[in-house]
Amino acid sequence: MMDDKEYFNPRIVDEQIEALLQTGSHPNEETRTVHDLQGLYRSDLRSLERVWERLDLGTDTGFGKNPWTKRISQNNKPLEFERFRYMQGQHTQQDKAKSPSTFMRRFGMIAAVLFMALLVGSLIAVLNVARGQHNGPASSGNTHVTNAPNLQVKTPSGVYIGGDSGVTKIDPQTGKVIWNYTVKLDQSPVVKTPNLGITRIILSGNTLFALVGGGSSSSAQQGIIALNAQDGTVFWNKSLHTGGLTDMALGDGLVYVNAGTYSDKGSSKSDIHIFSASTGVEKRSYSFQMAITSMTWNAGKLYLGTDHGLYVTKATDGTVIWKQPVSHEQFYVTRPYIVNGVVYASFDYTSEVGGSHSDIEAYDTLSGKRLWKTGDIPGQVFDIALDKNAVYLGIQQSSPSDGNVFVGTVYSYNIQNGQKNWSKAVDGSVQSAPVVVDGVVYAPTYGGPDGNGHTTTALDASTGNQKWQKPVTLGVMLNPVAANGMIYVADCNSFDSKFSLGTKVYAYKADGTLAWQFSIAHSVSALEVAE
């Protein structure tokens, strides 16, 4: 049996590794890993030899013949050893009787153990990296983590768009593609299903959370994917076979996903599933007997826009803290926004036979007390935007002369009391939230199937006066995003027969100058930008 010294002889170790490397003409992953470990081992050995040289101990690090411990003599004792020997020698006669050679053997053993601990630690680190690099996607219905997301770091700069093909990251300054990711759940690409794709993106730290939803069938592949925002690799994914996934929220290291189901009798049910943002493991779920259209997380609470009104719940267990119900079944509440302890949302009444109308309401987040309510707004509000001064929104209305043409108006309301500041008629309806930055409101408009009135319109935030307007080809359907001193607009076509399906992304400077544009032959339903 080989003793410890012979077992760790570098020559023998090298021979064993070389033999393993020769086992195949085409190295597999394990063989390449062994080759990397061999290089690391030799690097550690050279580092150790340099240490011995600095200590004037020689460079022979062999553990077999002529071990380096034997080269230390009484006439070449390190200063630290002399100090240690003097202090220990004052205690007992037995300590005084100990020979230098005995101590040096023990010193050599300690050094050898420390060296091997360092080497083993290095090998373990390399093996862990190797394992992480070769992990594949998750198995059916389960999560698989290839690396842990870090939600505390700065999100890598980029324009992230999601749609029926997956996620694409674009350089925010040039419009060049950085990476593409094709949606995969259950080990295979998502089956193309009408209205199914990336419906929402949330950026946090180094991670992009993507909601794969939009379908109403429980058999359709739907779920959540956590991507590395730097390179598009998968941290984890989770498939859900329950209802249609309508929205997602993130807070306190947890991801909240709503799955809605609808019965033939018109009743609806919403299940909120809670997952670990780091691993994708489901923590728990709870249900509501209503349709949840949007969720906003803030300070441990979920603010729910529903067809029953505005609900505020304890995020982790669904306990209702307060609610503001609606008075009619055709009412629903748009996405809530929380600013300085106040929640703002639009309460919409929609009707296919009569006119739609809306109002904006503000509530204290703690007590649920209503602080103000606007007057009646003639039209449907899809979403709102806020700054420190005002709430901004646009409406959709059909033209009185042609039902296929849409018209709209952009409004500004005082954020303190709900009084109207101004309104401005625009070409086309505003079917998403405008964005406001540096005193300018940017509103996307959609004119209808005839293609007229598709624009991006810039308005002065104080007066509503038009600053500039740019036509778009397909029809804007997503919220524009302001970042990097530019406005990013996704110009989408999902149904107009006049144009092929696809999306164009425009980057405008503040003065309306086009910085770049990007085209993709897929419908896009999510746009987020990190500076």
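A donor and an acceptor atom, one from each side chain of Thr455 and Thr445, are located under 3.5 Å apart. A donor and an acceptor atom, one from each side chain of Ser157 and Glu531, are nowhere located under 3.5 Å apart.
Taking a 6.0 Å sphere around CG of Asp317, one finds it holds more than 12 heavy atoms contributed by other residues, nucleotides or ligands. Around the NZ atom of Lys388, the shell of radius 6.0 Å holds no more than 12 heavy atoms that belong to other residues, nucleotides or ligands. Environment of CG in Asn417: crowded, with over 12 heavy atoms of neighbouring residues, nucleotides or ligands closer than 6.0 Å.
Between Tyr349 and Phe331, the ring center distance clears the sub-6.0 Å criterion. If you look at Phe288 and Tyr286, their ring centroids are closer than 6.0 Å.
His454 approaches Thr473 most closely through the heavy-atom pair CD2-O, 3.6 Å. For the residue pair Tyr506 and Val472, the shortest heavy atom distance occurs at CE1-CG1, 3.8 Å. The two residues Asn206 and Val153 have their closest heavy-atom pair at N-CG2, 3.5 Å. Shortest non-hydrogen contact noted between Thr293 and Tyr332 is OG1-CD1, 4.4 Å. In terms of heavy atoms, His308 sits closest to Gln289 at NE2-O, 3.6 Å. Minimum heavy-atom separation, Leu527 to Asn479: CD2-O, 3.9 Å.
For the pairing with His273, the side-chain hydrogen bond (donor to acceptor under 3.5 Å, both in side chains) check across Lys283, Glu282, Arg284, Lys238 returns one residue only, Glu282.
The backbone N or O of Thr207 sits nowhere less than 3.5 Å from a side-chain atom of Ser204 that would complete a donor-acceptor pair. Under a 3.5 Å cut-off, the side chain of Ser432 and the backbone N or O of Leu478 do form a donor-acceptor pair. With hydrogens and angles ignored, the 3.5 Å screen pairs a side-chain donor or acceptor of Thr155 with a backbone N or O of Gly205.
A heavy-atom distance below 4.5 Å is found between the side chains of Leu459 and Val410. When side chains are defined from C-beta on, Pro480 does not count as touching Tyr508, because their heavy atoms never get closer than 4.5 Å. Within the 4.5 Å cutoff, the side chain of Val183 has heavy atoms near those of the Ile225 side chain.
Rounded to the nearest 0.5 Å, atoms CD1 (Ile161) and NZ (Lys169) are 13.0 Å apart.
Using a cut-off of 4.0 Å between Lys/Arg side-chain N and Asp/Glu carboxylate O, Arg335 and Asp247 are scored as salt-bridged.
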**Q.** Step-by-step side chain to side chain contact (heavy atoms under 4.5 Å, CB included) determination, Phe518 to Thr503
**A.** CA-CA 8 Å; Phe518 167 82; Thr503 300; over 6 Å; no

Q.
Apply ring pair (Phe, Tyr, Trp, His ring centres under 6.0 Å) to residues Tyr363 and Trp322 and explain how you reach the verdict.
A. CA-CA 11 Å; Tyr363 293 86; Trp322 60 266; 5.8 Å; yes

Q: Evaluate the side chain to side chain contact (heavy atoms under 4.5 Å, CB included) criterion for residues Ile360 and Phe347: first the C-alpha distance (whole Å), next the side-chain angles of each, then the deciding distance (0.1 Å), finally the verdict.
A: CA-CA 6 Å; Ile360 312 301; Phe347 286 66; over 6 Å; no

